[in-house]
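Below you'll find the structure, written out as structure tokens, and then a few comments.
In this text, all values refer to a predicted model and were calculated from it rather than measured experimentally. For the single chain, residues carry numbers from 1 onward in sequence order.
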Amino acid sequence: MRVTWLGHASFRIEVAGQVLLLDPWLEGNPTFPDERRAEAIAGATAVLVTHAHGDHASEAPGIARETGAQLCGQYDWTGWVADNGGPEGVGFNKGGTIRIGEVAVTMVHATHSSTSGSFAASEAGYMIEGGGRTLYAMGDTDVMADMAVFQDLHRPTHALVPIGGHFTMDSTRAAYACKKFFEFEAVIPCHYATFPILEPNADAFVAKVGPLKVLVPTVMETIEL
């Protein structure tokens, strides 16, 4: 499994012959280098969306249409996209699992919000299983007791963890979640350093979550899990 951070909460995940784009927000993302857009989305086979906020979902329908990738997300949101001129998507819901080639993607609960304009959907995270790894993409969330259930059911080996605070967990709460509920091999922080209101770097999280291994990529750096 190869994971490339696209800045903010956007990722490119290459696993078992698939290229998954998670919440691909590129245009307007102040941390993403615009000249590398083609590289970031090349070969995409699926676009996964955790919730309808603009910094996660605004570009997903367009990228899915441009690349021919399947647009995957919460059932009500994918239906709304199709009804409003976007591509037909693969809609599912919490507890449901879809197959993208040899990759299993299970939607799990998150605690956040998901209103975009007049449309309200339900926020979520994903368990992405393939290539002998299970990656927990937490989405935008606070710490929650549900994480104990996720550990029992999925045994994720790695995680994408929001740490920025204000809109999601901050470094203290994110470190607590990782150490209290999971037995990760390593984690990748995200949803920080994008705006001044968020934590400016991952240093505090790294210090608080130790001795758990933290992988801190630069934007467009690829990490092998």
More than 12 heavy atoms from other groups under 6.0 Å of [atom1] on [X]:
X     : atom1 : result
Glu27 : CD    : no
Glu88 : CD    : no
Glu39 : CD    : yes

Original post:
Does one side chain, of Gln74 or Ser122, offer a donor that lies under 3.5 Å from an acceptor on the other?
Top reply: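 Per modelled atom types, Gln74 and Ser122 side chains form no pair under 3.5 Å.
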Original post:
Can you tell me if Thr50 and Asp23 form a side-chain donor-acceptor pair at under 3.5 Å?
Top reply: yes
Original post:
How far apart are the C-alpha atoms of Ile63 and Leu26, what are their side-chain angles, what is the distance that settles it, and do they pass the side chain to side chain contact (heavy atoms under 4.5 Å, CB included) test?
Top reply: CA-CA 10 Å; Ile63 289 174; Leu26 308 180; 4.3 Å; yes
Applying a strict under-4.5 Å side-chain criterion to I, L, V, M, F, W and Y, I'd like to know whether [X] and [Y] cluster together.
X      : Y      : value
Phe181 : Val187 : yes
Leu215 : Leu20  : yes
Leu198 : Val206 : no
Met107 : Ile98  : yes
Met220 : Val3   : yes

Original post:
For Val19 and Thr67, what are the C-alpha separation, side-chain angles and deciding distance, and is it a side chain to side chain contact (heavy atoms under 4.5 Å, CB included)?
Top reply: CA-CA 11 Å; Val19 178; Thr67 61; over 6 Å; no
Shortest non-hydrogen contact from [X] to [Y]?
X      : Y      : answer
Glu185 : Lys213 : O-CB, 3.6 Å
Lys179 : Lys208 : NZ-O, 3.5 Å
Pro189 : Val216 : CG-CG2, 4.2 Å
Ser10  : Trp5   : O-CD1, 3.4 Å
Arg12  : Ile41  : NH1-C, 3.7 Å
Ala174 : Ile163 : CB-CG2, 3.9 Å

Indicate yes or no: at least one non-hydrogen side-chain atom of [X] is less than 4.5 angstrom from one of [Y].
X      : Y      : result
Trp80  : Asp76  : no
Pro87  : Val81  : yes
Thr141 : Met169 : yes
Asp142 : Arg173 : yes
Thr45  : Gln70  : no
Thr194 : Pro30  : yes
His8   : Cys190 : no
Cys178 : Val161 : yes

Inter-residue atom distance [X].[atom1] - [Y].[atom2], 0.5 Å rounding:
X      : Y      : atom1 : atom2 : value
Asp170 : Glu199 : CG    : CD    : 5.5 Å
Ile13  : Leu6   : CD1   : CG    : 9.5 Å
Phe150 : Met147 : CZ    : CE    : 7.0 Å
Leu135 : Met1   : CG    : CE    : 5.5 Å
Phe11  : Leu48  : CZ    : CG    : 12.5 Å
Thr168 : His112 : OG1   : NE2   : 7.5 Å

Original post:
Distance-only, no hydrogens or angles: does the Thr134 side chain make a donor-acceptor pair with backbone N or O of Thr157 under 3.5 Å?
Top reply: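 Side chain of Thr134 to backbone of Thr157, a donor-acceptor pair under 3.5 Å: no, none is there.
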Original post:
Checking Glu102 side chain against Gly17 main chain: does a donor-acceptor pair fall under 3.5 Å?
Top reply: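 No, the answer is negative, given that no donor and acceptor are paired below the 3.5 Å cut-off.
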**OP:** Evaluate side chain to side chain contact (heavy atoms under 4.5 Å, CB included) for Val108 paired with His154, printing each intermediate quantity in order.
**Re:** CA-CA 11 Å; Val108 297; His154 297 279; 4.2 Å; yes
Parallel, tilted or perpendicular: ring planes of [X] versus [Y], cut at 30 and 60 degrees:
X      : Y      : value
Trp25  : Phe195 : tilted
Tyr136 : Phe184 : tilted
His191 : His56  : parallel

Subject >> Candidate pair Thr106 and Leu153, rule side chain to side chain contact (heavy atoms under 4.5 Å, CB included), full reasoning >> reply: CA-CA 11 Å; Thr106 301; Leu153 285 174; over 6 Å; no
